[in-house]
Amino acid sequence: MTAAVTYEHIKTCKQSGARLGRVHTPHGIIETPAFMPVGTQATVKTMSPEELKEMDAQIILSNTYHLFIRPGHELVQAAGGLHKFMNWDRPILTDSGGFQVFSLSGIRKITEEGVQFKSHLNGDKLFLSPEKAMEIQNALGADIIMAFDECPPYPAEYSYIKASLERTSRWAERCLSSHAGKETQGLFAIIQGGMHEDLRRLSAEQLTSMDFPGYAIGGLSVGEPKHLMYEVLDYTTPLMPVNKPRYLMGVGSPDALIEGAIRGIDMFDCVLPTRIARNGTCMTSSGRLVIRNAKYAKDLGPLDPECSCYTCRNYSRAYIRHLIKADETFGIRLTTYHNLHFLLQLMRDVRKAISEDRLLDFRDAFFTSYGLHEN
Ligand SMILES: O=c1[nH]cnc2cc3nc(NCc4cccs4)[nH]c3cc12
Ligand SMILES: [Zn+2]
């Protein structure tokens with residue numbers, strides 16, 4: 001039986017080594033490199049599915065941890081699964097919950113079996129394990145699901161990171177066996193190993209020997225300096241199979257998306273565009289713009305003169321600033337729409353630059369205009 005999720009390599013950029021590809025899933029094809037908007041609680045905050053399609057979001061993310069504690073994966077399953085529940089008929093990826101347990105719930109205890117923790121909502125004692133994470137993600141029905149892993153804290157002792165990645169590999173094995181027979185979903189493993197080349201190699205070897213349909217790089221975008229993240233990518237992506245999707249978790253900012261693509265990454269996700277939109281910070285072609293700033297009070301121009309999105313075609317900075325200052329939800333909808341469109345458009349431009357073998361030139365031009373000089 002053919003795997004539910006497969007990678008099709010289209011071409012490699014002659015100038016940068018970045019690759020153009022397609023990820024085939026049961027709910028459609030994803031042109032890569034791709035940015036995935038995050039819809040943690042079964043919604044990309046304030047956006048409708050129609051608006052997400054309008055900006056051509058190809059795939060969105062949702063979170064196992066959040067949907068497990070509320071409304072519960074059984075309810076979503078009874079509603080026909082996550083696609084039906086949230087009226088999204090394109091691909092969905094769910095994270096496995098491990099990372100959210102560590103970043104959200106206070107009390108927790110890690111054992112070989114799994115993780116005991118308290119719900120950050122009501123303090124209920126809960127438990128997640130590789131098997132439980134597979135049961136939940138199977139009930140939710142996402143096209144791509146993630147193995148249950150531990151993202152070690154940053155920084156952490158070498159010995160802790162080594163022991164943790166070895167357990168993550170044993171957990172990956174358990175995910176594979178409990179997922180067996182449910183090939184309607186593609187199960188990706190997550191490479192750990194902190195910022196150590198030998199440990200990244202060890203994790204990659206252990207996981208690629210188990211033959212997953214796709215591989216993610218975890219343990220990054222956890223507070224480390226950007227140059228360190230790029231260094232880890234420099235020696236980790238070459239360890240990953242060329243014929244499988246490569247997903248960098250939790251990244252990111254416009255510069256990180258471009259630098260990640262140059263290093264062979266195919267898929268990215270980040271809460272940044274939606275999160276900063278809620279306090280009125282916008283990504284524009286000449287850098288970040290904080291709309292609350294008084295200098296925009298009478299500015300009747302668009303958020304970004306270079307942008308063709310719904311927000312920039314119909315509303316002024318003065319109007320959006322007024323809405324944000326007045327705490328009007330429509331203001332957040334307009335900044336969210338623009339920020340998501342900005343990153344989705346950036347990835348369309350990246351794919352075009354790869355197809356024309358000029359991604360390094362594109363990066364230099366983008367960084368100059370965005371105000372990112374080599375630091
Ligand atoms: O190793 C990981 N395993 C599974 N999920 C993750 C999600 C991740 N998201 C970020 N960074 C983005 C952030 C989102 C919220 C706080 S940091 N880094 C991440 C690492 C992992
Ligand atoms: Zn715009």
Side-chain angles (χ1 to χ4, degrees), residues 35-38 40 51 54-55 61-66 93-104 115 120 128 130 133 137 144-154 156 161 164-165 167-168 171-172 175 188-195 199-200 203 207 215-224 226 229 232-233 236 247-253 256-257 260 265 267-277 282-286 289 291 301-317 320 333-346:
F35 173 74
M36 304 183 279
V38 175
T40 298
E51 287 166 328
E54 212 171 71
M55 59 176 84
L61 217 92
S62 211
N63 270 314
T64 296
Y65 170 84
H66 293 80
L93 182 151
T94 45
D95 194 349
S96 52
F99 181 82
Q100 284 74 33
V101 167
F102 297 107
S103 55
L104 282 171
V115 185
H120 74 289
L128 270 181
Q137 292 183 87
I144 299 174
I145 65 175
M146 303 308 292
F148 189 69
D149 68 327
E150 182 195 0
C151 173
Y154 174 79
I161 297 171
S164 169
L165 81 83
R167 180 167 52 208
T168 285
W171 282 357
C175 288
F188 285 17
I190 304 175
I191 296 169
Q192 293 293 350
M195 314 298 160
L199 296 184
R200 285 285 173 182
S203 178
L207 295 173
Y215 291 87
I217 298 178
L220 292 177
S221 186
V222 287
E224 77 283 5
K226 243 173 215 170
M229 175 170 79
V232 173
L233 294 182
T236 303
Y247 164 26
L248 177 54
M249 304 187 87
V251 173
S253 56
L257 292 179
I265 298 295
M267 297 161 69
F268 304 85
D269 85 272
C270 192
V271 292
L272 194 70
T274 37
R275 185 172 288 181
I276 64 173
C282 304
M283 299 168 171
T284 77
S285 40
S286 44
L289 181 154
I291 198 66
L303 274 182
D304 184 350
E306 316 280 310
C307 182
S308 62
C309 87
Y310 168 72
T311 299
C312 294
R313 279 185 283 109
N314 295 290
Y315 305 93
S316 68
R317 289 171 174 178
I320 296 166
R333 277 182 30 77
L334 290 173
T335 53
T336 299
Y337 189 108
H338 167 78
N339 281 353
L340 287 171
H341 177 277
F342 183 87
L343 286 190
L344 292 166
Q345 185 56 46
L346 173 60

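Each ligand, and each atom within it, is numbered from 1 in the order the structure gives. These figures come from a predicted structure and were not determined experimentally.
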Yes or no on side chain to side chain contact (heavy atoms under 4.5 Å, CB included) for R200 and I217, after CA distance, side-chain angles and deciding distance? CA-CA 9 Å; R200 285 285 173 182; I217 298 178; 3.6 Å; yes
A student checking ligand 1 against C151 at a 4.0 Å heavy-atom cut-off should list atoms 1 (O), 2 (C)
Confirm or rule out an N/O/S atom of H341, from backbone or side chain, lying less than 2.8 Å from the Zn ion (ligand 2). no
Taking distance alone, with no angle check, do V271 and ligand 1 share an N/O pair under 3.5 Å? no
Any donor and acceptor pair, going by atom type alone, linking the side chain of S221 with main-chain N or O of G250 inside 3.5 Å? yes
Evaluate the ring planes of Y337 and H341, with Trp represented by its six-membered ring, and classify them as parallel (under 30°), tilted (30 to 60°) or perpendicular (over 60°). parallel
Can a donor-acceptor pair be found, under 3.5 Å and without considering hydrogens, that links the side chain of T168 to the backbone of S164? yes
Can you find an N/O atom of Q192 closer than 3.5 Å to an N/O atom of ligand 1? yes
Please work out whether the ring planes of F148 and W171 are parallel, tilted or perpendicular, with thresholds of 30° and 60°. tilted
Option with minimal heavy-atom separation from atom 13 (C) of ligand 1, where the choices are F148, Y247, Y65, F99: F99
Check the side chains of D95 and Y65 for a donor-acceptor pair under 3.5 angstrom, ignoring hydrogens and angles. no
What do you get for the angle at the Zn ion (ligand 2) between SG on C307 and ND1 on H338, to the nearest 10 degrees? 110°
So, does D269 sit close enough to ligand 1 that a heavy atom of it is under 4.0 Å from the ligand? no
So, does T274 use its side chain to make a donor-acceptor pair with the main chain of V271 at under 3.5 Å? yes
Are any of the N or O atoms of S221 closer than 3.5 Å to those of ligand 1? yes
Does the N339 side chain pair with the main chain of P273, one donor and one acceptor, at a distance under 3.5 Å? yes
Tell me which protein heavy atom sits closest to atom 5 (N) of ligand 1, plus the residue, atom name and distance to 0.1 Å. D95 OD2, 2.9 Å
Using a 4.0 Å heavy-atom cut-off, say whether D149 meets ligand 1 through its side chain, its backbone, both or neither. side chain
State, to the nearest 10 degrees, the angle whose vertex is the Zn ion (ligand 2) and whose arms point to SG of C309 and SG of C312. 110°
Mind running side chain to side chain contact (heavy atoms under 4.5 Å, CB included) on Q192 and E150 for me, showing each step along the way? CA-CA 8 Å; Q192 293 293 350; E150 182 195 0; over 6 Å; no
Specify the protein heavy atom at minimum distance from atom 18 (N) of ligand 1: its residue, its atom name, and the distance to 0.1 Å. L220 O, 2.8 Å
Show which atoms of ligand 1 fall inside a sub-4.0 Å distance from at least one heavy-atom site of G218. 1 (O), 2 (C)
Quick one: does Y310's side chain have a donor or acceptor within less than 3.5 Å of a partner on E54's backbone? no
Can you tell me which residue and heavy atom of the protein come closest to atom 9 (N) of ligand 1, and the distance to 0.1 Å? G250 CA, 3.5 Å
What I want to know is whether G219 and ligand 1 share at least one N or O pair that is separated by under 3.5 angstrom. yes
